[in-house]
Amino acid sequence: MKERIGEIVGLDLRKSYSAIYLLRNRALAREYFDLMGVMVKIVDLNRKVIFANKKCCQVLECQERDIIGKEWTESFVPKRLRSKLVQYFHELISGQIKPIEFHINPVLTARRDERIIGWHNTLLRDEIGSIKAVLSSGIDLTAGKRAERRLRRYAKRLKNLQHFHRAILTARSPQVIAEAALESIGGLIPAFLGTVVEFDFERERAEVLSASFGRKNQMEAAFTMSLHDSESIKKLKTAEVISFKRHQSSAELPLIKDFFKSVGLDTYIRVPLLVKDDLIGAFYLSSMLLSELGDEQIEIASEFANSMAIGIHNIKLFQSVVKQREQIRFMAKRLQEVEEKQRLGLGRELHDQVGQRLTALSINLNLIGSLLPEVYRKKILPRIDDSIKLVEETAKHIREVMCELRPPVLDDYGLAAALSWFSEKFSERTGLKVTTQVKEIEPRLPVSLEIVLLRIAQEALNNVAKHAEAEHVEILLENSPDQVILSIIDDGVGFDSRNLHTPKRMEGWGLITMRERAAAVGAEFVVKSEIGKGTEVTVLMTRKGKNQ
């Protein structure tokens, strides 16, 4: 084939044969090359096209007459590559370089669209070996290259989306989610500009969560806009992707349009942030390089908007739960303070009023007994003695109740002494063996915190008596400059603490009470237990911060 083309070109250039013979040979060459499924062109030493087969005409979207005689680089090569290809051509025909086996260069069609072509070049020589022309055969790689580019872009979309999803998992505010979304999208849309806005239809306002405009401007996080216009609210609630083209008027959020115009843009799209059927915000975006945002950009924005909406909604739910939990804990702390205040008041009342009256009653009974005439003593004195004994037992019981309400030993000697006193009383009452290893806390904790630890110890011991079927309980109190640790350990039947928070096995009221008492003062509450191996309840109270 190469020799045949050389013969044709040589004849054409030397004009040594008749025109009829030349045309007959060209016709044979065209018939041969038109059967091939690749582009074939021949250019002379001036880069003018002297031959183009049917496939070449199809790819260039031209008739043969529109190609033959045209300077190839000026007519069919993108402007950005012309000087480079002209230099390559001169070096090739001058013999400075050998033809590259296979290289890829784009060509321009009649409609000025670019097609990606893989070329193979062959030098055509005359009978004495002089280079007369260059034959190029090319394969249209446009579809494959476009598919490859789409695949790379889609892989990058997935990578950025996965990165964004990881950011959502660690985010603790809607602003962080919005910032992560804008950062990830910025790597997918050239010269991307955008902003994420949260809607509050009840308060008729919109708040900017994050914005990416490439420079400092008034579109910043926490910037708010009014939604008082009923028409604006109505348009926003349509909850659909809307493209705002050039010169198209939009009254839904005029400030958004003004912001895009401030950076020289008047085309942008709005993608709703939807959670089920609830519209919670919108994502506005545009590009400094793209005059129109197409389907691919809308798909990217929609993918991120869906994830963004769910992430922001979950953060709001989490924040609501945390707020409610903090409120509950604050209320629990206040209830504990009120409870301790009432216990203290009741103890004082029993001591000052009931105790004194019982003492007076005992004195009066003794006095009455001593004043009785001898004739009545045998009959009445046993009754008086019995009454005095009842008064003394009542007074003793009231003193025990007073100690339960607020042990004086706690105020006078501290937590370690109070734990030792209570464990002794508990052992006497229940028959359980209780040992204590408690160290005096220096410096002492505030009385309010000591009361919390004492109440937790009391509740833990009561739980042991009710449920543990234990024979021995140990109370440990340790402290350091930074932390106080209280532990109550029993050798009872235990339970599977791994299932403590499952729906089928919820905490009992005792554990809940202890846990909330600890949480109310910022302490950590830990329960460790195994079936048949007893239970350990531990409270870790930090001296610094919330506890103080």
Side-chain angles (χ1 to χ4, degrees), residues 149-199 206-223 225 236 239-245 250 252-253 255-275 279-316:
R149 285 198 297 269
R150 284 196 299 269
L151 186 61
R152 284 200 299 267
R153 288 200 301 269
Y154 191 71
K156 188 174 182 180
R157 276 169 61 178
L158 288 179
K159 181 179 179 181
N160 285 24
L161 195 59
Q162 289 173 353
H163 175 76
F164 175 53
H165 287 164
R166 287 194 295 269
I168 289 178
L169 295 176
T170 58
R172 288 295 176 264
S173 71
Q175 289 77 13
V176 172
I177 291 178
E179 290 169 4
L182 295 181
E183 181 182 355
S184 296
I185 296 172
L188 300 174
I189 298 177
F192 164 76
L193 301 176
T195 183
V196 181
V197 181
E198 182 182 17
F199 298 148
E207 179 179 351
V208 176
L209 295 180
S210 185
S212 173
F213 272 75
R215 63 180 179 84
K216 193 76 173 177
N217 60 76
Q218 57 181 329
M219 177 65 85
E220 296 175 344
F223 183 82
M225 293 167 278
L236 288 171
E240 58 183 348
V241 177
I242 298 177
S243 297
F244 299 98
K245 306 296 183 181
S250 169
E252 66 162 29
L253 266 184
L255 287 177
I256 293 290
K257 184 176 182 180
D258 293 341
F259 291 140
F260 280 109
K261 278 193 172 183
S262 71
V263 290
L265 296 169
D266 54 6
T267 300
Y268 62 95
I269 64 174
R270 185 199 81 198
V271 184
L273 302 182
L274 285 170
V275 178
L279 181 65
I280 65 170
F283 172 34
Y284 296 86
L285 72 154
S286 188
S287 170
M288 295 292 290
L289 295 182
L290 301 176
S291 59
E292 300 290 342
L293 295 169
D295 293 339
E296 183 178 358
Q297 288 76 35
I298 292 176
E299 285 180 8
I300 293 171
S302 298
E303 287 174 352
F304 279 85
N306 292 336
S307 300
M308 208 186 319
I310 295 173
I312 291 174
H313 179 67
N314 289 340
I315 286 289
K316 290 288 188 181

Taking all atoms of both residues into account, what is the closest heavy-atom pair of [X] and [Y], and its distance?
X	Y	answer
Val271	Ala305	CG1-CB, 3.5 Å
Ala309	Val275	O-CG2, 3.5 Å
Phe199	Ala206	CD2-CB, 3.8 Å
Leu285	Ala301	CD2-CB, 3.8 Å

Looking at residues at least two apart in the chain, or sitting in another chain, which of them share a side chain to side chain donor-acceptor pair (under 3.5 Å) with Glu303? Arg157
Rounded to the nearest 0.5 Å, how far apart are [atom1] of [X] and [atom2] of [Y]?
X	Y	atom1	atom2	result
Ile298	Arg270	CD1	CZ	12.5 Å
Phe192	Gln297	CZ	CD	11.0 Å
Leu188	Tyr154	CG	OH	12.0 Å
Leu293	Ile269	CG	CD1	5.5 Å

Any donor-acceptor pair under 3.5 Å linking the side chain of Thr195 with the backbone of Ser210?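 Confirmed, Thr195 side chain pairs with Ser210 backbone.
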Please report, to 0.1 Å, the donor-acceptor pairs under 3.5 Å made by any side chain of residues 159-171, with sequence neighbours excluded.
{"unit_1": "Asn160", "atom_1": "ND2", "unit_2": "Ser184", "atom_2": "O", "d": "2.8"}
{"unit_1": "His165", "atom_1": "NE2", "unit_2": "Ser307", "atom_2": "OG", "d": "2.8"}
{"unit_1": "Thr170", "atom_1": "OG1", "unit_2": "Ala167", "atom_2": "O", "d": "3.2"}

Side chains of Leu209 and Ile177, heavy atoms from C-beta outward: is any pair under 4.5 Å? no
I'd like to check Leu182 versus Phe304 (side-chain heavy atoms, cut-off strictly below 4.5 Å). Are they in contact? no
Which residues pass the salt bridge (Lys or Arg N to Asp or Glu O under 4.0 Å) test with Lys316, sequence neighbours left out?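 Here the qualifying residues are Glu198.
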Let's go through Val196 and Leu273 carefully: what are the C-alpha distance in whole Å and the side-chain angles of both, what is the deciding distance for side-chain contact (heavy atoms from CB on, under 4.5 Å) to 0.1 Å, and is it a yes or a no? CA-CA 9 Å; Val196 181; Leu273 302 182; 3.9 Å; yes
